[in-house]
Amino acid sequence: MDEVQEKSLNFIEQIVEKNIEEGVNDGRIQTRFPPEPNGYLHIGHVKAICMDFGVAEKYNGICNLRFDDTNPVKEDVEYVDSITQDIHWLGFKWANIFYASDYFDKLYDLAIRFIKAGKAYVDEQTAEQIAEQKGTPTEPGKASPYRDRPVEENLRLFEAMQRGEIEEGKMVLRAKIDMANPNMHFRDPIMYRIITSHPHHRTGRKWNVYPMYDFAHGQSDYFEGVTHSICTLEFVVHRPLYDYFIDEMLKVSKPEEWGVPANSRPHQFEFNRLNITYTVMSKRKMLQLVKEGLVRGWDDPRMPTVCGLRRRGYTPSAIRSFIDKIGYTKVEGMIDLGLLEHTVREDLKETAPRVCAIFDPVRLVLNNYEGSETITAQNIDGIEALGTREMLFGKELWIERGDFMEDAPKDFFRLSPGGREVRLKNAYIIQATGCDKDADGNITTVYANVDLNSKSGTEGGNRKTKSTINWVECSSAVDAEARLYDRLFACEDPSAEEGDFRELLNPDSLKIVNCKVEGSLRNEMHAPVLKEGIAQENHYQFLKQGYFVVDPDTTADHLVFNRTASLKDNWKK
RNA sequence: UGUCUAAUGGUAUAAAGGCUAUUACGUCAGAUUUUGGUUCUGAAGAUCUUGGUUCGAUUCCAGGUUAGACAACCA
């Protein structure tokens with residue numbers, strides 16, 4: 001047995017192993033993936049998902065899915081459904097589904113305790129006034145005039161807020177911490193605000209006050225028994241507050257009141273978020289692209305969303321392999337889109353049946369061939385297990401316009417009158433004899449002689465040719481729509497550019513072309529196949545063209561394919 | 001004149017004080033190939049800086065530089 005090179009642990013896994021060794025949280029591992037249901041999951045979330053679920057699985061712990069649904073203004077069940085579906089499709093299994101809204105009663109109770117302990121107060125200033133008093137990173141803030149309000153009054157007002165007696169925006173509950181703290185998040189952060197304009201997607205109209213992230217997230221982790229609360233780097237500055245609220249909570253309550261073991265305590269760890277060249281990873285910008293119709297929807301194959309990647313033809317294993325390759329650190333970097341493409345090619349090259357599709361067809365007439373015959377072709381050369389298919393061969397074939405040149409340079413390996421011998425994939429060896437042109441000089445038909453003794457698989461077909469070209473027999477060819485995608489943005493880092501990011505879109509990110517595909521695709525299984533309740537897409541490699549996937553727009557008489565990724569092309573002029 | 005993070009080939013990563021600084025993508029060259037794909041072989045290419053500790057520093061310490069995060073009634 002060869003020595004398998006052990007993959008080194010990322011820094012989070014190192015911490016986890018150390019914690020297990022030291023018996024932190026009794027060596028128990030529990031994580032959570034905490035999306036806000038206000039948008040679709042994208043590949044950046046997948047990086048977090050792989051971490052959260054991956055660590056739990058690797059160290060025999062559990063990972064829960066928890067929706068961070070503390071802001072009914074932005075959230076919706078539509079997103080809850082898409083998020084659960086995407087995680088399922090990726091192949092991850094959560095132990096439980098929780099919602100931050102499950103803890104609204106507990107959090108309200110806790111807020112009351114904070115008020116009673118003199119750690120929170122109701123502020124009646126406007127958002128602008130509060131912002132103004134916050135100071136700046138280099139200057140301390142000023143205290144609110146309501147900061148030293150008596151406990152009884154705070155209590156009365158907070159309860160009035162929850163009863164719906166106070167207009168939205170008129171009052172907030174703030175933690176009384178330190179207006180001069182160098183960490184801005186400690187300058188009396190808002191714990192609760194009033195939201196009466198929108199019902200909550202789960203609790204309806206029960207609540208008129210909703211907790212802010214900082215007051216909800218850490219406590220939710222605590223209530224659930226999370227041990228490692230893993231998130232991205234932008235939350236580093238929140239960590240002291242995360243710890244503060246838990247510390248203060250433990251001063252005004254006992255763990256058993258929350259049903260939590262006494263020695264259980266969550267800790268937050270942060271890793272670098274994912275950025276990929278030529279795309280944007282911000283929910284706000286994606287939402288804008290969708291709303292303004294700049295893409296066809298959240299699942300547009302150019303989008304970095306999970307459903308977009310899926311429609312593009314990315315497989316769960318390719319996506320997970322990509323995440324595995326990029327790793328987790330604290331360095332904010334930018335991943336080359338090429339790596340993502342590489343992983344999907346690597347995955348599909350072993351599974352996607354090869355078929356012929358001609359994108360820019362020109363008719364090839366074989367001078368000395370009459371009639372027709374059926375040819376059996378391997379789905380993937382060299383992989384017998386993937387089976388075979390039948391192709392009709394005849395006198396007239398569609399070939400790629402680019403496979404013929406009237407005056408060819410030396411390093412052009414394909415058809416040219418009087419030029420080299422070329423093999424028709426899985427069929428005969430031919431040699432071009434000439435062509436017809438229309439009035440504008442465009443080639444309309446190419447003529448070639450067939451070596452009738454050179455059929456593939458026979459002895460006469462054994463000799464080498466410099467090139468093999470693809471073909472589709474004319475009478476049996478099927479018309480299909482191919483959607484050719486390219487990078488969504490024209491520049492590497494759209495987020496870094498000044499001005500309107502919409503002006504940076506790549507105008508050629510989608511080209512729709514008609515092509516001729518081989519007859520075998522007419523009756524292929526284009527409906528997605530169910531596997532463990534999840535629809536699996538049908539992937540193909542169009543020989544020499546790239547990997548394609550059947551698009552859901554496909555109907556019985558109209559085939560639509562999306563190009564997942566092109567093949568690498570080393571031939572340069 | 002704030003606090004916090006970070007800094008290794010073009011990109012992303014590894015090396016927990018010790019061999020010629022790892023691997024992948026990308027690039028270049030050659031071979032193989034019934035896909036100009038794949039596969040194989042080879043090559044070029046990196047420790048931000050200045051000190052310190054040490055027999056020895058990518059690693060530990062201090063200063064500097066550079067980059068990023070932080071001033072939503074968002075998460």
Spacing between [X] atom [atom1] and [N] atom [atom2], to the nearest angstrom:
X: A:Gln545; N: B:G36; atom1: CD; atom2: P; value: 11 Å
X: A:Glu17; N: B:A16; atom1: CD; atom2: P; value: 14 Å
X: A:Asn181; N: B:U3; atom1: CG; atom2: P; value: 11 Å
X: A:Phe271; N: B:U13; atom1: CZ; atom2: P; value: 12 Å
X: A:Leu424; N: B:U35; atom1: CG; atom2: P; value: 13 Å
X: A:Met286; N: B:A75; atom1: CE; atom2: P; value: 19 Å
X: A:Lys410; N: B:G36; atom1: NZ; atom2: P; value: 21 Å
X: A:Ile335; N: B:G10; atom1: CD1; atom2: C1'; value: 13 Å

Regarding [N], can its base be found pairing with the side chain of [X] as donor and acceptor, where the two atoms are less than 3.5 Å apart?
X: A:His238; N: B:A69; result: no
X: A:Gln541; N: B:U35; result: yes
X: A:Thr329; N: B:U13; result: no
X: A:Arg345; N: B:G37; result: no
X: A:Arg354; N: B:U35; result: yes

Return the CG to CE distance between A:Asn426 and A:Met391, rounded to the nearest 0.5 Å.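 Here the rounded value is 6.5 Å.
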
Measuring from A:Ile230:CD1 to A:Phe33:CZ, what's the distance to the nearest 0.5 Å?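 The distance works out to 12.0 Å.
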
Between A:Ser454 and A:Glu332, which is nearer to the 5' end of RNA chain B once each is assigned its nearest nucleotide?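 Whichever sits nearer the 5' end wins; that is A:Ser454.
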
If you find the nucleotide of RNA chain B closest to A:Lys170 and the one closest to A:Thr458, which residue's nucleotide is nearer the 5' end?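 Final value for this comparison: A:Thr458.
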
Does [N] have a Watson-Crick or wobble mate here (both distances under 3.5 Å), and if so which one?
N: B:G56; result: none
N: B:G26; result: none
N: B:G2; result: B:C70
N: B:A16; result: none
N: B:A62; result: B:U50

Students often get this wrong, so: under 4.0 angstrom with heavy atoms, is [X] touching a base, only sugar-phosphate, or nothing?
X: A:Leu543; value: base
X: A:Thr277; value: nothing
X: A:Tyr210; value: nothing
X: A:Glu492; value: nothing
X: A:Val172; value: base
X: A:Gly333; value: sugar-phosphate
X: A:Leu233; value: nothing
X: A:Gly457; value: base
X: A:Asp214; value: nothing
X: A:Asn183; value: nothing
X: A:Phe412; value: base

Should [X] be listed as having a side-chain N or O under 4.0 Å from OP1 or OP2 of [N]?
X: A:Ser8; N: B:U13; answer: no
X: A:Lys544; N: B:G36; answer: yes
X: A:Asn272; N: B:U13; answer: yes
X: A:Asn570; N: B:G37; answer: yes
X: A:Lys464; N: B:U34; answer: yes
X: A:His342; N: B:C25; answer: yes

Are [X] and [Y] close enough that some pair of their side-chain heavy atoms sits under 4.5 Å apart?
X: A:Ile276; Y: A:Leu274; result: yes
X: A:Gln545; Y: A:Leu567; result: no
X: A:Ile195; Y: A:Val73; result: yes
X: A:Leu452; Y: A:Tyr369; result: yes

Distance check, P atoms only: B:U3 and B:G64, in whole angstrom units.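 Going atom to atom, P in each nucleotide, I get 11 Å.
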
Does a side-chain N-to-carboxylate-O contact under 4.0 Å join A:Glu75 and A:Arg202?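 No, A:Glu75 and A:Arg202 are not salt-bridged.
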
Under a 4.0 Å N-O cut-off, is there an ion pair linking A:Glu400 with A:Lys544?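 No, A:Glu400 and A:Lys544 are not salt-bridged.
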
Protein heavy-atom contacts under 4.0 Å, written 5' to 3' over nucleotides 39-47 of chain B as B (base), S (sugar-phosphate only) or - (none), form the string S--------

side-chain hydrogen bond (donor to acceptor under 3.5 Å, both in side chains) partner of A:Arg414, chosen from A:Thr468, A:Thr465, A:Asp403: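 Single side-chain hydrogen bond (donor to acceptor under 3.5 Å, both in side chains) partner of A:Arg414 among A:Thr468, A:Thr465, A:Asp403: A:Asp403.
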
Classify the ring geometry of A:His185 against A:His238: parallel below 30°, tilted from 30° to 60°, perpendicular beyond 60°.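 Tilted.
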
